[in-house]
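Data first, discussion second: the structure below is written as structure tokens.
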Amino acid sequence: MNRGYIAEAVRTRIREQAQERCGYCLSAQQYVLGPLEIDHLIPQAYGGTDTEDNLWLACRMCNGFKGTQTHARDPVTGRRVRLFNPRRQQWTRHFAWSPEGTRIIGRTIRGRATVLALQLNHVMAILVRRAWVAAGWHPPID
């Protein structure tokens, strides 16, 4: 497979597996402007491949803040840990929604580090989530 080329069939499978939502903030495709992007869990800059097991769906904001990061520091313990992997880990084990449904709370060392590194509670994300909550679209229910 050519580096940088991801077959349409693979893209389709990833969208289906991710249920058309960002693996980090759970934003649904139907509510975000622009298409959700294919994220390299291990960035190509660090040897990550275009194979399906290294790919997941991410919104532009999460993918942009993630960039080439693979690790981050937990704000509580100061330990450097791997970022949350939406392909291999369960979102609800590492994160929860705040009572009002607008903030993502890190429940584990990895969750807390990922919330900070990907700026999952960026002011713009919170503003948009408030509108989604008011419309009855958020938080997602699994």
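Distance CH2/W137 to OG/S27: 12.0 Å, rounded to 0.5 Å. Taking CD of E8 as the start and CZ of R15 as the end, the distance is 8.5 Å to the nearest 0.5 Å. To the nearest 0.5 Å, atom SG of residue C25 and atom CZ of residue F65 are 11.0 Å apart. A distance of 11.5 Å separates CD1 of I14 from CD of E20, quoted to the nearest 0.5 Å. Atoms CD1 and CZ, from I104 and F84 in turn, are 10.0 Å apart once rounded to the nearest 0.5 Å. The distance from the OH atom of Y31 to the SG atom of C22 is 15.0 Å, given to the nearest 0.5 Å.
Residues R107 and H94 have side chains not in contact (no heavy-atom distance under 4.5 Å, counting atoms from C-beta outward). The closest side-chain heavy-atom distance from L55 to I6 is below 4.5 Å.
For the residue pair Y24 / D39, a side-chain donor-acceptor distance below 3.5 Å is found, with atom types taken as modelled. Between T51 and N54, the side chains place no donor N or O within less than 3.5 Å of an acceptor N or O (distance only, hydrogens not considered).
L120 and L57 fall into different hydrophobic clusters, where Ile, Leu, Val, Met, Phe, Trp and Tyr residues are linked whenever their side-chain heavy atoms come under 4.5 Å apart, directly or through other members. Hydrophobic clustering keeps I38 apart from M61 (ILVMFWY residues linked when any side-chain heavy atoms are closer than 4.5 Å, directly or through intermediates). Tracing side-chain contacts under 4.5 Å through hydrophobic residues (I, L, V, M, F, W, Y), one reaches L118 starting from W91; they form part of the same cluster.
Residue R13 places its CZ atom among more than 12 non-hydrogen atoms of other residues, nucleotides or ligands, all under 6.0 Å distant. The number of heavy atoms from other shown groups lying within 6.0 Å of CZ (R60) does not exceed 12.
A donor-acceptor pair is defined here as one N or O able to donate and one able to accept, closer than 3.5 Å; such a pair exists between the side chain of R129 and the backbone of T102. R82 places no side-chain N or O within donor-acceptor distance of the main-chain N or O of R110, the cut-off being under 3.5 Å. For Q90 (side chain) and P86 (main-chain N/O), no donor-acceptor pair under 3.5 Å exists by modelled atom type. R79 contributes no side-chain N or O that, together with a main-chain N or O of R73, makes up a donor-acceptor pair within less than 3.5 Å. Remark: the backbone N or O of T77 is not paired with any side-chain donor or acceptor of R112 at under 3.5 angstrom. Within the 3.5 Å criterion, the main-chain N or O of G101 finds a donor-acceptor partner in the side chain of H138. One N or O on the side chain of K66 and one on the backbone of H40 form a donor-acceptor pair closer than 3.5 Å. With hydrogens and angles disregarded, a donor-acceptor distance shorter than 3.5 Å links the side chain of Q29 to the backbone of L36. Side-chain atoms of W97 never come within 3.5 Å of backbone atoms of R103 as a donor-acceptor pair (strictly under, hydrogens ignored).
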Legend entry - Working for side chain to side chain contact (heavy atoms under 4.5 Å, CB included), residues V133 and E100: CA-CA 8 Å; V133 167; E100 74 285 356; over 6 Å; no
Legend entry - Working for side chain to side chain contact (heavy atoms under 4.5 Å, CB included), residues L83 and T70: CA-CA 6 Å; L83 294 175; T70 58; 5.6 Å; no
Inset, instruction - Report the C-alpha separation of F95 and V115 in whole Å, then their side-chain angles, then the decisive distance to 0.1 Å, and conclude whether the side chain to side chain contact (heavy atoms under 4.5 Å, CB included) test is met. - result: CA-CA 9 Å; F95 308 100; V115 166; 3.8 Å; yes
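The two residues R21 and A28 have their closest heavy-atom pair at CB-CA, 3.9 Å. Nearest approach of L41 to P43, heavy atoms of both residues: O-CD, 3.5 Å. Shown here for I126 and N121, the closest heavy-atom pair between the two residues is CD1-O, 3.3 Å.
Shown are R11, Q17, R87; of these, the side-chain hydrogen bond (donor to acceptor under 3.5 Å, both in side chains) with E52 is made only by Q17. Screening T68, D50, T49 against Q44 for a side-chain hydrogen bond (donor to acceptor under 3.5 Å, both in side chains) leaves a single residue, D50.
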